[in-house]
Amino acid sequence: MQRLGSLHHHFFLGSRKPLLNPCPFYSFISICTFSYSPDSTEVIYDNLLKSCDGLAFLKQIHLVLTTTSLIDKSPHLGAQIIIKYAQFGDPNSARALFDHINIHGDKPSSFLWNTMIRAYANGGHCFETLQLYSVMHRAGISPNNYTFPFIFKVCASNSLILLGKVAHGDALKTGFDSDLYVEAALVDMYAKGDQFCDGRKIFDEMSMKDLVCWTAMITAYEQAEKPEEALILFQKMQQEGLLADSVTIVSVASAIGRLGHAKRAQSVHCYAIRHLFLEEICVANSVIAMHAKCGDMDKARLVFDMMDERNSISWNSMLSGYTQNGKASEALLLFDEMRDSGCELNPVTALIMVAASAYLGSSHLGRKFHDFILDSKMKVDMNLWNALMDMYAKCGDLETAVEIFSGIHPSERDVCSWNVLISGYGMHGYGKEALKLFSRMQEEGVEPNHITFTSILSACSHAGLVDEGRKCFRDMTKSVTPEMKHYACMVDMLGRAGLLQEAFDLIKEMPAPPNDSVWGALLLACKIHGNMELGKIAANNLFQLEPNHTGYYVLMSNIYAAQTADHENPYWQEVYRKVESLTIEMKLAGYIPDLSCALHDVEEEDKEHILNYHSEKLAVAFGILMIDSGMAIRVTKNLRVCNDCHLAFKYISCIYGRRIIVRDANRFHHFQGGSCSCKDYW
DNA sequence: GTAGGGTTAG
């Protein structure tokens, strides 16, 4: 062996260059052939093949073995060459050799058949894999525990579960179904093919499960958007004493990302650090995506910045994280960095950047990325076309969105293309057109999904098409179970149309407890239509569900405020007129409204308007109108009096020569002759 | 005797 080793070494150093010309190489190998017994020759070639790192080199070796007929004598070397061809992405050459052996050599062993099947399967050649599997049967060669995993793998990744089931039957007949690898592949196939129960059943009945089986099942749950189940299984796996490896962690991180659990995200991150998994690009990428989905872009960025090597998935995860967290401008900055880094910009990158443009509502930017896509000659798949349409619709350019849609061949359009356009029409207020598209879509045989129904209900809502919306909802319940968001759309639609009781009845009929978006839609409708009674019910539910969401408190407070202004006071018109004349009189006397007291972020003009109708000003105006001039005007208020009202009351006390006594949340203010007892310190 | 399964962005 020592001798062979050095010979091998010598060959490698000495004849690399002449390889371009087969002659010297060939004569050298010939010498070897004569110098050693056939067994030793086989070992030499075996070593040669092991060190072979390119297709050209491999073809040379193949040629020599063919001309010396060694290929027909050594099935082992034949198999090694087939394996190498597959590794270098040349399954056709592998197949040619396989066929050659089939004709010239002994009948290929099941080992060789498996090798060829594997070459096809790993190269993603689904049809060839399955065809060879069937030829194998006809040739009378039995598949074994090495055959089945590859068959199941291609069935899984090409959604050919029926064919997979047939092969499963073969495995049962031959008794290989209880092999660990076969079982793991079956679990994977059934789970990926939406046949969870079958996959889970096999998994549960396995006599022995290793880490790969657990990971396959965990991954299946995660990819089927069942992250809770994935994590429950992960916990069980740990209870069984198995330790997660980097592949497991990738799936667990994805599951946690889906759930948005920031705390668990941190613990997975730590685990990955402790086990040095973050050095693997795949793990780092999934940890980045996890933090991004949990809303923590700083942590995502930290991982990203620490990476020694990044691929396009790393960059894209960051870009999409920034976009999804409302930091589109950060995404734009990072995109420039990505371009400078020389990393490949792929269709996913383009998709994210188009979505970022849509988020910013900038058709200028969106168009720039559209041009970039066309210039880069990258393949524009349906997802990217859909994103472009969505971007144009969201940037106010519905015409271009429609233009793109019309340019796509009808057979190419998927359900998402229709959804994008329907929602585009909806958000532009064209409810009738959205409905027409919805019918056209069904006529063309495209099955609507839950997003289609959300889009169409929302379109009806914005256009006030209540009857049509009701009908869509009824039709929808025939084929799919309505989700929260559909109820929210319905409540919004009915509520906007003033059908508050019907909206409330619908909420009461819901099979599951309504969430915040359903109650939020009702509350908004109550605000629009001034319904205090239902508003209180909606608000109370919202305050329990989302106690920290300030927007709902503001909405409810506005309902109360509107009710106050809602003219219960028979003199309201006089009061409002008085406030207006008071303002003019005060301004003549030098009053400048203190706009900083109007806390809403609105135009200056609106701020002044809001200030004028502060409840204490209305009360004082009412007092001036109603109370004898000799008497003090007394106002009681439950909040601290604002600066602007305080200033105004000083002016009024002077202009009208009246005492105004205001009790606010903390103290009394006595206004008289242009000043206040608090001496402006309160 | 040779060979094998589970992974990340949208």
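- Along DNA chain B, read 5' to 3', the first and last nucleotides having any atom under 4.0 Å from a heavy atom of chain A are dG1(B) to dG10(B).
- At a cut-off of 3.5 Å, with distance as the only test, no side-chain donor of Glu222(A) or Ser251(A) sits close to an acceptor on the other residue.
- Contacts of Ser314(A) with the nucleic acid, taken as non-hydrogen atoms under 4.0 Å apart, are absent.
- Among the protein residues, Asp46(A) comes within range of no part of the nucleic acid, since none of its heavy atoms lies under 4.0 Å from any strand.
- At a cut-off of 3.5 Å, with distance as the only test, no side-chain donor of Ser357(A) or Ser362(A) sits close to an acceptor on the other residue.
- Aromatic ring centres of Trp418(A) and Phe405(A): separated by under 6.0 Å.
- Aromatic ring centroids of Phe203(A) and Trp214(A) lie under 6.0 Å apart.
- Across all strands, Lys209(A) comes closer than 4.0 Å to no nucleic acid atom at all (heavy-atom distances).
- Heavy atoms of Asn114(A) sit under 4.0 angstrom from at least one base atom.
- Leu319(A) comes within contact range of no nucleotide atom at all, as no heavy-atom separation falls under 4.0 Å.
- Across all strands, Phe150(A) comes closer than 4.0 Å only to sugar-phosphate atoms, never to a base (heavy-atom distances).
- Within 4.0 Å of Asp210(A), counting heavy atoms only, lies at least one base atom of the nucleic acid.
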For a side chain to side chain contact (heavy atoms under 4.5 Å, CB included) check, start with the C-alpha distance between Tyr85(A) and Asn92(A), then their side-chain angles and the critical distance, and finish with the verdict. CA-CA 8 Å; Tyr85(A) 272 130; Asn92(A) 292 336; over 6 Å; no
For residues 180-190 of chain A, which side-chain donor-acceptor pairs fall under 3.5 Å, sequence neighbours excluded?
residue   : atom : partner   : partner atom : Å
Asp188(A) : OD1  : Lys192(A) : NZ           : 3.2
Asp188(A) : OD2  : Lys192(A) : NZ           : 3.0
Tyr190(A) : OH   : His168(A) : ND1          : 2.8

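- Using a 4.0 Å heavy-atom cutoff across all strands shown, Ile218(A) reaches no nucleic acid atom at all.
- Residue contacts for Ser254(A): at a heavy-atom cut-off of 4.0 Å it reaches the sugar-phosphate backbone alone, with no base atom in range.
- Within the 4.0 angstrom heavy-atom criterion, no nucleotide atom of any strand lies near Asn386(A).
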